[in-house]
Amino acid sequence: MRNTVGELGRNRAAEQNEAERTLLTLAVRDYGDGDESFTAGIDEQLDVVAEWWSSPGASAGFHQIPAPTVTGRAHVEDFLRKHRVREMKGEALVLFITGHGVAGSRTHFLKLPDSEKGRHLNTSVRTTDLITAALDSHAKNVLVIVNTCYAGKISGEIDELVEDIRAERRNTCQLDVLVTCGHDRPVQVRRFSTLLRDAFERLRTTAGITTPHLRVVDLMSEFERGLDPADRKKHRLHRVVDGSGVLTPTPCIPNPGYRRVRETAGVDGRHAGPAGDYWLDRATGRTQDEDPGWYFRGREDLNRSIAAFLSPARTRGVLLVTGSAGSGKSAVLARAVVLSDPAFRDDPLCKTAIDLSAPDTVPAADSITGAVLARHRGAAQLAHDILEALGETPRRVRSTEDPVVAAAQQILAVLRGREEAVTLVIDGLDEADERQRIIEDVLAPLNEFCAPRLDQVPVPRLDGEPFAAPEPGLRLLIGVRSSRPLSEPSVEPPEEEQGHNEALKAVFPTAEEQRTDDEASEKDIAEYLHALICEGGGHRASAEDAARLVAPVVWPSFIDARIAGEQLRSAEDPAAVARQPEWQRMLNNGTEGLLKRDLVLVEGDGLPSEVALALLRAAAFAGGAGIPWSTIWPQMARVLLGRPLPDWDEMIAKLLKSRLNGYLAHDHEDDRRVYRPAHETLAEALRDVDTDWLGRGGAA
């Protein structure tokens with residue numbers, strides 16, 4: 001049977017309804033008693049709710065149905081019937097109810113302008129009838145928020161009614177109900193709108209939650225943060241139906257602070273992992289998140305070696321990219337990761353980088369399978385990251401198993417099952433938490449796939465066909481710090497740094513090594529500085545002179561070059577600044593000298609130097625991927641500063657908008673946006689100073 005045009009239209013409408021997200025508001029604004037403050041408070045609530053549920057957190061916008069003018073019970077019933085609330089479908093349904101409430105002996109009512117005292121059964125509306133109309137609809141996820149007097153009274157009433165919702169719906173859908181008042185508390189309309197607005201602003205800025213939707217407990221905790229301790233029991237949100245649990249975000253609550261992050265990965269997301277947008281930041285050499293430039297230049301011999309290592313003709317091997325702190329190891333590896341990704345090769349930013357490069361320095365498309373960052377990762381964590389980079393889910397480990405050994409065995413099993421060569425990039429191995437165990441228990445077993453096999457040398461075929469290809473294996477690109485070889489053999493380099501390299505060479509005896517801090521890198525630093533200072537075309541001659549002056553002083557540290565370049569790029573005459581004796585003295589003090597100058601300069605932005613230093617040091621001392629803003633960053637900075645401040649959030653906001661933002665990188669951990677120093681060299685410098693250092697000539 002053919003579909004008629006009408007049937008097709010109805011089917012299309014039904015499909016659209018399935019994906020719809022709807023916000024319904026039922027608000028009683030005016031009880032005819034002349035209380036203009038109450039009406040204004042209701043309007044304020046509706047404004048903040050409308051703004052919140054139109055925020056970009058949701059993957060699809062909420063269709064907002066305006067609150068009707070309500071005077072009597074018939075208007076409420078017409079509202080439910082007109083919008084087919086009981087039959088509503090879609091991804092998410094949010095119902096916001098506000099007005100005066102009445103607590104009966106066992107029943108809670110929404111009071112209406114036409115309600116008669118003593119006749120609430122017929123002239124008011126049972127609030128649970130409104131709630132269950134939404135909960136027992138066909139929407140996949142439902143959130144009801146009730147802001148009325150004595151709303152806590154609903155709690156005992158709703159429990160039994162929820163039991164009458166079919167078990168399949170209760171068990172598979174997220175159904176939540178929040179009330180704003182206790183069973184004996186009147187509604188405070190203006191206070192609620194203020195608290196909700198403040199929670200909205202915190203979630204938009206300081207909370208740093210990275211998921212597109214929030215958990216109900218996220219909304220509750222941010223709402224409660226606005227309450228004085230004495231008021232928390234009286235005015236906090238109460239959860240009377242819990243259908244999404246503690247850990248699961250609900251599509252009913254968009255996250256106003258959600259930012260869509262441009263992943264440095266192909267469609268399979270394989271490079272995203274715990275490092276977030278780490279790879280793009282490192283590859284470009286940019287100093288700020290919003291900077292659209294690609295500044296790294298040179299390194300041709302090094303990039304050519306990496307491109308050859310990644311060529312299709314080679315299927316096995318280990319390449320160690322090593323060098324002293326800040327000498328650009330991560331930048332070289334990140335460039336290979338980004339430029340090998342087919343999804344990014346068409347991006348204008350990457351096209352610029354490719355156009356600036358000799359063809360034989362650009363890695364083949366799709367030549368890297370996955371990339372992971374070892375910074376602050378334990379052995380089990382890094383092994384799990386490798387599995388995820390390979391597109392696998394780490395299996396559950398029994399209580400009797402060693403999680404590191406179990407994950408390592410799973411990696412081996414995955415590699416044995418692959419029919420094509422696999423290439424992994426592991427950066428920051430020297431910054432891992434369990435370096436030795438990672439080398440011995442996670443990486444060492446991989447030599448089975450990395451070591452060249454003599455029995456697989458390509459042999460020419462007599463029938464004229466191409467050479468027989470060797471069996472696929474594993475290519476490992478590892479970034480690890482090591483000190484530069486010293487001119488005086490009697491002076492030993494730092495034992496720890498050399499230990500990483502020696503341990504890796506013992507595990508991978510055929511590994512090749514490329515250093516990022518040889519003498520030729522001074523020219524690369526000068527080119528980087530020139531590109532950074534020019535910023536797309538300004539003061540080129542002065543920039544060239546400034547780069548030539550600065551490069552020999554900061555070499556071999558690209559980190560110091562980055563900080564110096566950021567300071568010079570805003571100058572009218574960069575070379576003149578670079579020649580100033582005071583600036584030269586600062587430059588000769590390395591990272592600490594450059595940092596001290598920037599701390600002095602931010603005073604003009606209303607950010608005291610000692611406060612900015614405390615905030616940066618708090619990020620440097622944070623473990624894991626970094627420090628979340630929320631309440632943690634202010635608390636740590638307060639301890640380091642040694643005194644309280646009236647508004648730490650304002651200071652953090654100024655820090656992130658100032659020149660010091662370039663000292664920080666951001667990441668995601670436990671669904672929170674976190675901040676840390678942009679490089680471990682910066683972190684080490686910040687951990688080595690204290691607040692008094694600002695008034696002295698050097699570090700503490």
Side-chain angles (χ1 to χ4, degrees), residues 55-57 198 200-211 222 225 255-262 275-278 280-282 284-293 559 562-563 565-567 569-570 591 594-622 624-641 645-679 682-683 685-686 691 694:
S55 62
D198 290 346
F200 173 80
E201 291 300 328
R202 281 191 295 272
L203 285 162
R204 192 175 62 82
T205 55
T206 67
I209 298 174
T210 58
T211 53
E222 290 301 328
R225 275 188 64 191
N255 176 10
Y258 177 67
R259 306 177 189 178
R260 295 186 183 278
V261 177
R262 187 171 100 165
D277 51 5
Y278 170 87
L280 189 59
D281 286 341
R282 286 293 191 269
T284 60
R286 62 189 184 185
T287 61
Q288 305 284 342
D289 288 345
E290 66 277 7
D291 193 326
I559 293 300
R562 165 182 160 159
I563 300 171
E566 175 69 6
Q567 292 186 7
R569 70 194 303 193
S570 58
T591 304
L594 292 160
L595 171 61
K596 183 174 286 189
R597 181 175 189 269
D598 278 331
L599 287 167
V600 171
L601 291 174
V602 295
E603 293 269 6
D605 301 326
L607 178 61
S609 296
E610 68 275 13
V611 173
L613 179 60
L615 289 168
L616 291 174
R617 294 189 71 225
F621 279 110
I627 192 169
W629 185 337
S630 190
T631 58
I632 298 174
W633 201 354
Q635 287 294 339
M636 281 188 67
R638 183 187 64 80
V639 171
L640 291 168
L641 182 63
L645 284 180
D647 195 345
W648 276 104
D649 288 337
E650 181 185 354
M651 294 296 103
I652 294 174
K654 287 183 177 180
L655 176 77
L656 296 178
K657 291 177 181 177
S658 75
R659 62 193 304 119
L660 293 175
N661 183 44
Y663 284 78
L664 295 170
H666 60 79
D667 212 330
H668 304 147
E669 187 172 52
D670 296 331
D671 293 332
R672 294 271 179 171
R673 187 177 177 92
V674 294
Y675 301 85
R676 66 170 186 268
H679 194 276
L682 290 173
L686 287 163
T691 307
L694 283 168

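These numbers come from a predicted model, not from an experiment.
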Give me the atom names and distance for the closest heavy-atom approach of Val602 to Ala612.
CG2-CB, 4.3 Å
Using every non-hydrogen atom in the two residues, find where Ala683 and Ala620 come nearest and quote the distance to one decimal.
O-CB, 3.8 Å
Closest approach of Glu603 to Ser609 (non-hydrogen atoms, all atoms of both residues):
OE2-OG, 2.9 Å
Roughly how far, to the nearest 0.5 Å, is the CD atom of Glu610 from the CG atom of Leu615?
10.5 Å
Residues Pro677 and Ala619: closest non-hydrogen pair is CD-O, 3.5 Å
Determine, step by step, whether Ile652 and Thr206 satisfy the side chain to side chain contact (heavy atoms under 4.5 Å, CB included) criterion, reporting the C-alpha distance in whole Å, the side-chain angles of both residues, the deciding distance to 0.1 Å, and the verdict.
CA-CA 9 Å; Ile652 294 174; Thr206 67; over 6 Å; no
Excluding sequence neighbours, so at least two apart, what forms side chain to side chain donor-acceptor pair (under 3.5 Å) with Thr287?
Glu566, Arg569
Test side chain to side chain contact (heavy atoms under 4.5 Å, CB included) applied to Arg562 and Arg286, step by step
CA-CA 8 Å; Arg562 165 182 160 159; Arg286 62 189 184 185; over 6 Å; no
Determine, stepwise, if the pair Val600 / Leu694 fulfils side chain to side chain contact (heavy atoms under 4.5 Å, CB included).
CA-CA 9 Å; Val600 171; Leu694 283 168; 5.7 Å; no
What pair of heavy atoms forms the shortest contact from Ala637 to Ala614, and how long is it?
O-CB, 3.7 Å
What heavy-atom pair brings Pro628 and Gly626 nearest, and what distance separates the two atoms?
CD-O, 3.9 Å
Asn255 side-chain N/O to Gly257 backbone N/O, donor-acceptor pair under 3.5 Å
yes
Side chains of Glu222 and Glu201: does their closest heavy-atom pair fall under 4.5 Å?
no
State the CD1-CZ distance between Ile627 and Arg672, to the nearest 0.5 angstrom.
12.5 Å
side-chain contact (heavy atoms from CB on, under 4.5 Å) involving Glu669 - partner list, sequence neighbours excluded
Ala625, Val674
Interatomic spacing from CG in Leu594 to CG in Leu599 - rounded to 0.5 Å
11.0 Å
Are side-chain heavy atoms of Arg676 and His666 found at a separation under 4.5 Å?
no
Is any side-chain heavy atom of Ile563 less than 4.5 Å from a side-chain heavy atom of Gln567?
yes
Asp649 meets the side chain to side chain donor-acceptor pair (under 3.5 Å) criterion, sequence neighbours left out, with Trp629
Using the rule given for side chain to side chain contact (heavy atoms under 4.5 Å, CB included), can you reason through Ile209 versus Tyr258, listing the C-alpha separation, both sets of side-chain angles and the distance that settles it, and then say yes or no?
CA-CA 7 Å; Ile209 298 174; Tyr258 177 67; over 6 Å; no
What distance do Ile559 atom CD1 and Tyr663 atom OH have between them, rounded to the nearest 0.5 Å?
10.5 Å
Checking Asp667 against Tyr675: is there a side-chain donor and acceptor pair closer than 3.5 Å?
no
Spacing of CZ belonging to Arg225 relative to OG belonging to Ser630, to within rounding of 0.5 Å:
5.0 Å
Below 4.5 Å, heavy atoms only, C-beta onward: do Asn661 and Leu655 meet side chain to side chain?
no
So, does Arg673 use its side chain to make a donor-acceptor pair with the main chain of Thr210 at under 3.5 Å?
no
For the pair Arg617 (side chain) and Leu686 (backbone), establish whether a donor and an acceptor sit closer than 3.5 Å, ignoring hydrogens and angles.
yes
Side chains of Leu664 and Leu616, heavy atoms from C-beta outward: is any pair under 4.5 Å?
yes
Distance (rounded to the nearest 0.5 Å) between Lys654 NZ and Leu660 CG
13.0 Å
